[in-house]
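Here the structure comes first, spelled out in structure tokens, and everything after it is commentary.
Just so it is clear, the values below take in all heavy atoms, side chains as well, and ignore hydrogens, waters and symmetry mates. A quick note: this is a predicted structure, and the numbers were derived from the prediction, not measured.
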Amino acid sequence: MSDFLSPSPQKKSSTSNLYNLFSVWLVVLCVILGLYAMDSYEKPIDFDLSIKQPNSKQLFTPPSTDFLYKQLAKQTFFIVDSLELARKNSIDTSAQRILLTGDSMSEGLYLAFRSYAEYNNHYLKGRIWYSSLTIQWSKTDSLKSLIEIYKPTIVIFTLGANELFRTDIYEREKDIQDIIAQAGDTPFIWVGPPNWKDDTGINEIIERNMPSNTFFLSKDLEFDRERDGAHPTRESSRYWADTIATWIMNKSRHKILLEKPVSEGSDNK
């Protein structure tokens, strides 16, 4: 019989089972740790998915009331300001009832403006008060009466030629103010006299009392004169009317259509 004994078969089997159990637990632990690590990892954003499925609440959240009010105010101001600018720069192309009146200087203008009225589809009425003065127009309410009779949509008025050299001209300022007041709400253009010499202040008084862009200064224009040395000739009156018409249509406060006629027209009845 041998002195050496072989290991017991039962003991060997027990050691093998313990090893297998340890291996299984080790694998399970590795799996658990792996799953934990994967769950903690921050995944990249799927941009394609984000585009296809946007956050509707964020996209359609309305702006604040204050924001809407400010934007509406800006747009309203822009629209109103634009309309006001267009109104100031626009020319009224509708048919007008024009009253052309004043002292004897208005006669040449009336004859020249007849063709303008016919060409631009306006009605023109002329009334001349020869040798008249500002005090006479003021005391008789003549302008107010003419406006009530003919109901013009615009008045072209020339007066002052007979008062170019008065030494008391500044005493007539109240009369000038009264004439302007007689026009009321009717658009009113005052055409200054066609000076043949320097005046003593009539143009300055009229201009400072008229609203801006309603007084036409004529004294700096050059005219050929009739034999009396004062009244412009027929040809110069036509040039005078052309200059006034261009100014009214493009620069005056009361812009109406006054395109220059291609040919002379006939008188308005």
Side-chain angles (χ1 to χ4, degrees), residues 91-134 136-137 142-143 145-147 149-164 179 183 186-197 199 202-203 206 214-252 254-269:
I91 297 174
D92 187 349
T93 59
S94 63
Q96 303 290 320
R97 294 179 58 86
I98 303 172
L99 172 63
L100 198 157
T101 187
D103 58 24
S104 59
M105 294 298 176
S106 64
E107 180 179 356
L109 286 180
Y110 172 74
L111 295 174
F113 264 100
R114 290 182 304 180
S115 55
Y116 272 95
E118 183 174 340
Y119 187 77
N120 293 278
N121 197 33
H122 302 316
Y123 175 85
L124 176 67
K125 179 61 69 172
R127 284 295 177 264
I128 304 167
W129 188 351
Y130 292 94
S131 302
S132 58
L133 305 171
T134 52
Q136 295 171 313
W137 283 85
S142 297
L143 180 61
S145 298
L146 290 173
I147 290 175
I149 293 171
Y150 298 110
K151 296 178 173 52
T153 56
I154 186 169
V155 175
I156 300 176
F157 182 73
T158 180
L159 184 67
N162 297 306
E163 297 169 273
L164 290 180
I179 294 170
T186 304
F188 183 61
I189 299 292
W190 192 318
V191 176
N195 289 35
W196 56 96
K197 290 183 180 180
D199 60 76
I202 183 68
N203 280 287
I206 299 171
T214 58
F215 175 73
F216 181 85
L217 185 65
S218 305
K219 72 173 188 176
D220 295 329
L221 300 178
E222 295 184 3
F223 299 99
D224 293 327
R225 308 284 176 171
E226 298 286 359
R227 286 183 295 180
D228 62 5
H231 291 81
T233 62
R234 180 68 64 85
E235 187 64 29
S236 279
S237 290
R238 187 175 295 112
Y239 155 73
W240 191 17
D242 291 342
T243 309
I244 295 169
T246 300
W247 175 82
I248 291 176
M249 185 168 66
N250 295 288
K251 295 183 179 181
S252 77
H254 310 297
K255 299 179 177 69
I256 63 172
L257 187 64
L258 285 172
E259 293 183 347
K260 188 174 182 178
V262 175
S263 60
E264 293 295 324
S266 59
D267 192 3
N268 285 331
K269 304 300 183 183

Straight-line distance of F188 CZ to L99 CG, nearest 0.5 Å: 9.5 Å

Whether T153 side chain and Q96 backbone form a donor-acceptor pair below 3.5 Å: no

Working for side-chain contact (heavy atoms from CB on, under 4.5 Å), residues S142 and Q136: CA-CA 8 Å; S142 297; Q136 295 171 313; over 6 Å; no

Heavy-atom pair of closest approach, residues A161 and D103: N-OD2, 3.5 Å

Sidechain-backbone polar pair: S236 side chain, D224 backbone, donor-acceptor under 3.5 Å: yes

Validation row: L111, S237 side chains within 4.5 angstrom (heavy atoms): no

Shortest non-hydrogen contact from G192 toward S218: O-OG, 2.9 Å

Residue list, salt bridge (charged side-chain N to carboxylate O under 4.0 Å, His left out) with E226, at least two apart or on another chain: none

Closest approach of W240 to M105 (non-hydrogen atoms, all atoms of both residues): CZ3-O, 3.8 Å

Side-chain H-bond candidate by donor/acceptor type, E222 with Y239, under 3.5 Å: no

Distance (rounded to the nearest 0.5 Å) between I244 CD1 and T158 OG1: 7.0 Å

Exam field: side chain N120 to backbone E259, donor-acceptor pair closer than 3.5 Å: yes

R225 atom CZ, over 12 foreign heavy atoms within 6.0 Å: yes

Contact summary for V191 and I156, nearest pair of heavy atoms: CG2-CG2, 3.9 Å

Gap between atom CG of L100 and atom CZ of F157 - 0.5 Å precision: 10.5 Å

Spatial distance of atom CD (E235) from atom CZ (F223) [nearest 0.5 Å]: 12.5 Å

side-chain contact (heavy atoms from CB on, under 4.5 Å) between I98 and F113, intermediate numbers included: CA-CA 10 Å; I98 303 172; F113 264 100; 5.7 Å; no

side-chain contact (heavy atoms from CB on, under 4.5 Å) evaluation trace for N195 with N203: CA-CA 10 Å; N195 289 35; N203 280 287; 3.3 Å; yes

I154 side, atom CD1; L124 side, atom CG - distance, nearest 0.5 Å: 11.5 Å

Residue pairs fulfilling salt bridge (Lys or Arg N to Asp or Glu O under 4.0 Å) with at least one residue in residues 239-248, sequence neighbours excluded: D242-K260

Flag, side chain of H122 to backbone of L257, donor-acceptor distance under 3.5 Å: yes

Shortest non-hydrogen separation from W247 to T214 and the atoms involved: CH2-C, 3.8 Å

Donor-acceptor contact below 3.5 Å, side chain T101 vs main chain R127: yes

Worked verdict on L221 versus F216 for side-chain contact (heavy atoms from CB on, under 4.5 Å): CA-CA 11 Å; L221 300 178; F216 181 85; 4.0 Å; yes

I248 CD1 to H254 NE2 distance, which is reported to the nearest 0.5 Å: 9.5 Å

Heavy-atom closest contact (L258 atom, Y116 atom, distance): O-CE2, 3.5 Å

Validation row: P261, E118 side chains within 4.5 angstrom (heavy atoms): no

